[in-house]
Each structure stands twice: as C-alpha cells, then as structure tokens.
Student: 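Submitted below is the structure of interest, expressed as structure tokens.
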Amino acid sequence: MINVENINFYYGKFHALQNISMGMEANTITALIGPSGCGKSTFLRLFNRMNDLIPDTTLTGTVSIGGVDIYQKNVLVDDLRKRVGMVFQKPNPFPKSIFENVAYGMRVNGMNNKKIIAEKVEQALKHAALWDEVKDKLKKSAFAISGGQQQRLCIARALAVEPDILLMDEPASALDPISTSKIEELMFQLKEDYTIVIVTHNMQQAARVSDHTAYFYMGELIEYGETKKIFTNPDKKSTQNYVTGRFG
Amino acid sequence: MKKLRKLYERLTEGTLFLCGNITGIAILLIVLFLFREGIGFFGRNSVEEGYVLALNRKNPVNKLSSREIKDIFDAEITNWEEVDGLDREIVLFRLNDITNYVTEEELGEEFEHIPECIAKIIHDHPDMIAFFPKAYLTENFSEKVLQVERIGLLEFFGGDEWMPTATPSAQFGILSLIMGTLWVSFGAILIALPLGIGVAIYLAEVANKRFRNFLKPVIELLAGIPSVVYGFFGLVVLVPFVQKTFNLPIGETGLSGSIILAIMALPTIITIAEDAMRTTPLAMKEASLALGATRWQTVYKVVLPYSSSGIMAAAILGIGRAIGETMAVLMVTGNAAIIPHSLLEPLRTIPATIAAELGEAPKHSTHYQALFLLGVILFIITLIINISVEFVKRKRV
C-alpha cells in the first residue's frame, strides 16, 4: 500500500530523516516509535505531504501510495490529502458546530446535497463511536464536548472524507486513560477498512494496537518488523533498550 | 541599605502613580474644555455682536430666525407675508444706504446725527428692516428692535448652510459638513477595506517570509508619513489625475479625499487584520488542509472566520482614522460646504472646517463656539468608534 524508498529529508541543513526504506501493507496498523526528535512525526507527515507547508525543506527518494509516486508534479496535493486522512496530536476541531466539523471535508470537496451530507456525518460519527454521545447536540459548538470526544470527532471528521489511509500523530497523548482506551478500540475496528499509521510515545499502546512497529532513532530507521518480535526479541540492542524502557 | 531600597521603591511607585493620574486628568480637562466651549453655542444668536436689526413699530413681526433673516437680506424673501407679517414688500436698509434717504448735511459734520437719522428713516418706512451697529441705537429708540431666535439643535444639525461669517445673520447648519465627512470616509473605506484585507491575506497566508519581512515594514512606514505630505502629494498628483480621468471642472473632489484617506488608512487596516489572521492556530489550518481543502478554501473557511473580529476591528479603526483626518483632506477636497450629491463634487469635512476657520474666529464669538461644538461632535463620533472596536474585540476571542 505505502512504499518508501531511500528517503532523505532536510529541514534547512538539518538531516532529519536518513536513507529510510520501508513498506506498509493495506489494512494493517503500523506503529512508529522512538524518542522525541527522532523524526517519526516528520516521517508520518510525508504521506500526506504536510511537510510541504514548512518552508526550506528538501526531500529526496520516493514515497508511493498504491503504486503512485505522490511527490510527482502531476499529483494534486488536495486530492492526495482526501485519500490520506490525518488525526493530530491535540484535538483540533474547528470553531463550528459538531455537525459542521464532520461535514467540512465534504463541503470543501464540493458536496452540496444536504441529505447525503447528513447521512455521511451520521455514518462517520458512528464509525468513530461518537454518535450516541453527540446525536442530540449536533448543532452545539465542537468546543462544548470533552477532549476525548473532541479527538474522536476529529477522527470522524477525517473518516467522513472516506480516505484509504489514516495517519495518527500521537492521537491519545493529550487524553485520559478512558478516552485513550476508547480510541484504541476504535483503531481495531477501523483496521478493517483503513490502513493506519500511528506515531506514539506510549510503548504499551504500540504493543497493544499495532501489527508492525518501526523504531526510529536520530533520523534513522533502526528496526522494522512485526510488533511481537520488536517487543519481545528485537535484533538490535538499541531497540531492546528503548522498548524495555531502559532509555528514552 | 534595605531602608534606602524601600524608599527608592516607594519613590518609583509614587512617580508612576503621578504620571498616570496627571495624564488622566489632562485628558479629562481637555474633554471638559471642549464641551464647555462647545455647549455654550446653543442659546447664542447668530447676528454679529454689536449689531442690531430694527423694524418699524407698526410691523407685527417680532421675531425672526437666522435663516429668515438671511433669506430676507438675500432677497429670497421679499414680502412680510412670508414671515407671518402683513402683505407688504420688504424694504432693506443697511448703514451704507443711509445717503439714499438723508443728505450729508443732515448727518452732521462728524456724522453725529446718524442715530437720529436712522430712527427717523425707520419711523418713516413701515416696511423697513434695518441692520446697523448697536452704537447708532438712540437711547429713546421708539421703534422695534427685532428679536432673533436662538440657534436650536434642529437648525444646527439639520441646516444645510454653513456661512459662519455671513452678515447680517451667520448660518450654522452643519448638515453639509457631516455629510461631507461621511461621504469621504465612506468612499475611503470602500477603497481601503478590500485592498487592505487583500494585502493582509497575502501577507499572512501567501507571501514568503523574506518578502513579508520586506513589505510589512514598508506598509508600516506609510503610517509614519506626515499627513500634510499626503495632502501635498494629493494636491499635485491626485487632484489633476482625478480631474483628467473624470473630465471634471475641478479635481478637488470628495473622491480625491477618499483616495488619500484610503492610502492613509491602509497601514492601520493591513497591520491589524494581518495580526488577527496570524493568530489563527496552525493546528486549525493543518486540520483543514489535511481534509483536502485547498489553500484558498482554508483561507476563507477557516482563517477569515477565525479572525473576523480582528478584521472588523481593523475596518472600524480604519474608518476612525479617516473621519478624524484633517490636513490631507483639507488640501484635496475643495472645501465647499455644500451637501455633496456624488463623490465627484467638492465637499468639506468637520475637521477641515475646524482647522481652516478657527484662526479667523474671534475668541468666544458664536463662530468660535460653533467650531468647538463641531469638535465635540467629532469627539463623540470617534468615541463611538473606539467603543465599538472594544465591543467587537471582546465579542469573540
């Protein structure tokens, strides 16, 4: 599904990602772990070209999704981002109603049919396991619900665009344990329809939810493999030190 | 040592306290002065001090408004019937008409008989209205001294004639000045707002960092140019340009003033609107982009709504800048105190009137007080503007 070959990424002169190659299969959850500043968020943001927004950055190598190089000149960035949804570290709903937050993606893509929008909003909210909690207050401001609910709203918002891939940048780091477990449950369900890449600081979370795990350190991909293997019997000493909490 | 420091801190505190209070009191005093001078205007009458208007004793008219007096002496009203008198032709008399009625001998060698002559002339002409210095009123003047109605609110705000030095009766209608001010400001904001918001969007969302770092100080520099320089530029470049473009008899029009004001209001609008747009959280913009919105969709669906209160504040402050501006407008608008029917006509604003006329108005004269009242009106307008900015800003943050 996603294929990365010989990626090098620079912020100005800083070499943030060094010679990374890896592939991710459809309908799996891949966890990216590593200490702060190791480049895992930068790596994640390559897949929906979010790094394009940062001035003075350079990328070499190829990133392809579904066999297409997404950094080719004829790829439209906004079309790409419709296929690759993203959930951010902190819940970032728009200062609009709950309904309008979920409908936003459809509206910017030119959907005007009210009935279809209403149907899809409901579907997305159900998918994100939020429908029962907010169905009576869809017109209320998105800021009126709790942080955990806001994050699920952001997931629903991403799902409403019907992407193939869902990128999650530490989606539970700002949440309480109960909200976190709800989001983890949700990821299991979403796996059936989506390919998920998640960045996390939380080792247990990575072990619980992911099929594959990639360990990054100082901009390099140290080890990548099945989650079970990474957490129980890694090839590299550095990986073992990190996953056992001896460092990082 | 410790004591010394404590004393020093006390002193600093005291100084700061004093500074704050002195400033506050000074501002209050200025406002108070403005109001005291301005309010005195009402209750004055419009006939120049030291002069009187006199009628024949048999004339039933006792009181006239300043507008009626003006119309009579301009020969717009020619019959007493029009001002509730008898159906008779009005006869005007000014002091220099006196030789039409009496010979020079009768006036006396030193003109010492003028008062008696005037009294006699008025006595002989039942339909006469006479305007002459108070000094020539005889002590036992048996005819009627005309009363002039005091200037009321309606006459002041609703009158369309501003002729503060007209004789025998000055006209203090400020409608044309208010309209002039509104026209010019409205025109200015019509030009400056779309342009300013456009530039603000460009600076906040489109321009790269280097260009922005160049353009922003340049725009802020605009705010530092003295307004008389703008006026000079307007007079030399803009006025001929407007005249030629619209094929007008003169180029000093409301439009010239609007354009100059628009240029002067731009820095305010751009700076404030751009600052507001830049406070849009990056997370909000990223969320929009990540959903496949284009950059423009993100600008008008996320950035503009998020910064709408800041943009409103920018617009209102821009209007405030335009309404209070004096010098540049004075130089390019032609200063004709008439109600404008389009922006292509000369007009006159409140601040320009004050600046142009205060030097000529005798202290504490009616004219002088009328100008202060204009100042009060201007003060109230800008006060309303500033309060509404606070209101708009507080509404949503």
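Here is how names work: the chains are called A, B, and so on, in the same order as the sequence lines, proteins then strands, and each is numbered from 1. Predicted model only: the values in this text are computed from it and were never measured.
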Student: Give a yes/no verdict on a cation-pi contact between A/Arg157 and A/Phe94, requiring under 6.0 Å between NZ or CZ and the six-membered ring centre and an angle within 45° of the axis.
Tutor: yes
Student: Of the backbone (N, CA, C, O) and the side chain (C-beta and beyond), which part of A/Val87 lies under 4.5 Å from a heavy atom of chain B, both, or neither?
Tutor: neither
Student: Answer with side chain, backbone, both or neither: which region of A/Lys96 has an atom nearer than 4.5 Å to a non-hydrogen atom of chain B?
Tutor: side chain
Student: Counting only heavy atoms closer than 4.5 Å, note whether A/Pro163 contacts chain B via side chain, backbone, both or neither.
Tutor: neither
Student: Under 3.5 Å, is there a donor-acceptor pair between the B/Glu325 and B/Ser227 side chains?
Tutor: yes
Student: Within the 3.5 Å criterion, strictly below it, is a donor on B/Ser288 or B/Thr298 matched to an acceptor on the partner's side chain?
Tutor: yes
Student: Any side-chain heavy atom of A/Ile98 sitting closer than 4.5 Å to one from A/Ile145?
Tutor: yes
